[in-house]
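Here's the structure, in structure tokens; my notes come after.
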Amino acid sequence: MTRKIVVIGGVAGGATAAARLRRIDEKSEIVLFERGEYISFANCGLPYYIGEVIKKRESLLVQTVEGMSKKFALDIRNKTEVKAINRDRKTVTALNVTTGDIYEESYDVLVLSPGARAIIPAFEGINEAKNIYTLRNVPDTDYIKAVVDEQHPKQAVIIGGGFIGLEMAENLAHRGIQVTVVELANQVMAPLDFEMASIVHKHLKAKGVQLILGDGVQSFADEGKKITLTSGKELNSDLTILSIGVKAESELAVDAGLLVGPRGGIVVDEYLQTSDESIYAIGDAIEVQDYIFKHQTMVPLAGPANRQGRIVADNIYGKQVPFKGTLGTAIAKVFDLTVAVTGHNEKSLRKLGVPFESVHIHPISHAGYYPGASPISLKMTFNKEDGTIYGAQAVGMDGVDKRMDVIATAIKGGMNVHDLAELELAYAPPYSSAKDPVNMLGYVAGNIVDGDVKVVHYNQIDELVNSGALLIDVRDPHERDNGYIPNSINIPLGEIRDRLAELPQDQTIYVSCQVGLRGYLASRILEQHGFEVFNVSGGYKTYAAVYNR
Ligand code: FAD
């Protein structure tokens, strides 16, 4: 018997599911509903078209309705919004937004991929504002680009310093607009920890972006041209982008009585089946399992949505493929920097109450003697007892993406920090070093797990020193000209063996250097002479990223 499968949502998850459904079975009837005009467009490319990095609008339209209908024998109904799911009769009620026609379409199996919409709080004055936009789809992009092209705004305000907000900041700056980013938290890019985000803060400022942290919108006035922040600060804006997060479009599911979780996402089992066995759901609208700790969470990213699109099609045809959860691996370009994350950062581990250790390293992207190398700041969180990797963050100009992908793959492969040290990665001077930054992370974290070195962190050392701890800066004296941790004393690494007599045997000693390596060497020397020693993780570089000294 031929089955009729109806898919709601025709972009990342929905279009992938429809194409895979057809690849598996030539006979099924597949109907795809999409509220908007366009299907399968490149959401992730939208900011770059506004910035004119992507020059042609057509490049955003990965598939057209005609092309995809033909290629995959799909019945695609764009400009048609599904208004209700009638589970009792196994139909959906659809509205043709062009003609106003309303009709019912039956299904044997229904796939929901309605995505998530931008959160728009009811700020005072927002309804009267004429210059506030959110960015999700091609029409949003057209509006914003038309404003930039035709009205030549001088000042833009981005509300929200997440991935999309910062991509927009870069692209509007690229169009010659003075950009201000307003972020309620004390840092941009929540998946980074504060010290890693601090590197991004510095870079944004260096690129001329005005960054306002720890402040949010109080109200809009003068048709949106004036913004008052909760601090009382006032901003002028010709163009405002609201990018403070997204909310699952789960209303259809709620109205149909499907189980929805506390975060507003549709609840699915590991096979992506909702609480109704004829209905599956995927993408930004669902709650997923955290890959590492197995709790429910929401991760609105294109990679998981696409994977789920493929898996759901397999499961509809009886393959029983589980979706194993989401790590939250993500990457963004922020002007000249690349920022990438996977798994859990320190903030999320603290929230979960999971004990962890972390390491910071600052290796260079490839061999220093080959031109063009630049530093990568890497942080990894892990279990100090057994070396399980919990997550990583990286910020740098080059080679960030491949390091993050290797670590994300290692986590999925069940590897621990010692396994990172063992990885045999491609090396030649233009690409890496014989000890790749990922190997280095493995060595540094492995030393901690093995008890060969103990570390303290940038945010602990001031308090320790202020309460009388001895901190030895083992860099060369001239390096201190560019800054040092206050109240540290300087004994260069090369002199340490000869000056052991100066050091107190009855006191814990803290050591620091520029990036953590010489501190580690000093730790090893001192420990073997009977001292209790802690090294400052990431050295002065991590410390200075935050305290900017
Ligand atoms: P969507 O792709 O949003 O598709 C849902 C579709 O369903 C929408 O087109 C909507 O119109 C339609 N729909 C909803 N309700 C109905 C209804 N009742 N009837 C008919 N149609 C309906 N992710 C990354 O991993 N990397 C990136 O670099 C990245 N950049 C991004 C940049 C931007 C500007 C945006 C907006 C998103 C970005 N994302 C990125 C996120 C990524 O695009 C989403 O995670 C992904 O598109 C989710 O897929 P989805 O199928 O769940 O939802």
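No experiment lies behind these values; they were computed from the predicted model shown. Atoms within each ligand, like the ligands themselves, are counted from 1 in listed order. Values reported hereafter were calculated over all heavy atoms of this structure, with side chains retained and with hydrogens, waters and symmetry mates removed.
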Please work out whether the ring planes of Y390 and F293 are parallel, tilted or perpendicular, with thresholds of 30° and 60°. tilted

Evaluate the ring planes of F33 and Y103, with Trp represented by its six-membered ring, and classify them as parallel (under 30°), tilted (30 to 60°) or perpendicular (over 60°).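 F33 vs Y103 ring planes: tilted.
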
For residues [X] and [Y], determine if any side-chain heavy atom of one lies less than 4.5 Å from a side-chain heavy atom of the other.
X    : Y    : value
Q289 : Q296 : yes
I158 : T180 : no
R136 : N43  : no

Against heavy atoms of [X], which atoms of ligand 1 measure under 4.0 Å?
X    : answer
I8   : 16 (C), 17 (C), 19 (N), 20 (C)
S113 : 4 (O), 5 (C), 6 (C), 7 (O), 50 (P), 51 (O), 52 (O)
L135 : 34 (C), 36 (C)
T80  : 20 (C)
G283 : 52 (O)

Shortest heavy-atom approach to [atom] - which of [options]:
atom                    : options          : value
atom 51 (O) of ligand 1 : G309, G14, G13   : G13
atom 30 (N) of ligand 1 : C44, P47, S40    : C44
atom 23 (N) of ligand 1 : S250, A302, G303 : A302

Just to confirm my output: which protein heavy-atom neighbour is closest to [atom], and how far is it?
atom                    : result
atom 52 (O) of ligand 1 : D284 N, 2.8 Å
atom 12 (C) of ligand 1 : E34 OE1, 3.3 Å
atom 20 (C) of ligand 1 : R35 N, 3.3 Å
atom 7 (O) of ligand 1  : G9 CA, 3.2 Å
atom 53 (O) of ligand 1 : G115 CA, 3.2 Å
atom 3 (O) of ligand 1  : R136 NH2, 3.1 Å
atom 49 (O) of ligand 1 : A12 CB, 3.2 Å
atom 18 (N) of ligand 1 : V82 O, 2.9 Å

Going by distance only, is there an N or O of L301 that falls short of 3.5 Å from an N or O of ligand 1? yes

Does ligand 1 have a heavy atom under 4.0 Å from the side chain of [X], from its backbone, from both, or from neither?
X    : value
L252 : side chain
N43  : both
I164 : side chain
A305 : side chain

For S377, run the side chain to side chain donor-acceptor pair (under 3.5 Å) check against Q393, H360, E195, H362 and tell me which one passes. H362

Is a donor from one side chain sitting under 3.5 angstrom from an acceptor on the other, for [X] and [Y]?
X    : Y    : value
K347 : Q187 : yes
S69  : D75  : no
T91  : E104 : yes
K4   : S106 : yes

Please list all pairs passing the ring pair (Phe, Tyr, Trp, His ring centres under 6.0 Å) test where one or both residues lie in residues 130-178, with sequence neighbours left out. none

Centre of Y291's six-membered ring, under 6.0 Å away, within 45 degrees of the axis: is that where NZ or CZ of K412 sits?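 Geometry flag: set, cation within 6.0 Å and 45°.
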
Could you tell me whether ligand 1 has any atom less than 4.0 Å away from a heavy atom of N137? no

Kindly determine whether N131 and D238 satisfy side-chain contact (heavy atoms from CB on, under 4.5 Å), including the steps that lead there. CA-CA 7 Å; N131 59 349; D238 303 320; 5.5 Å; no

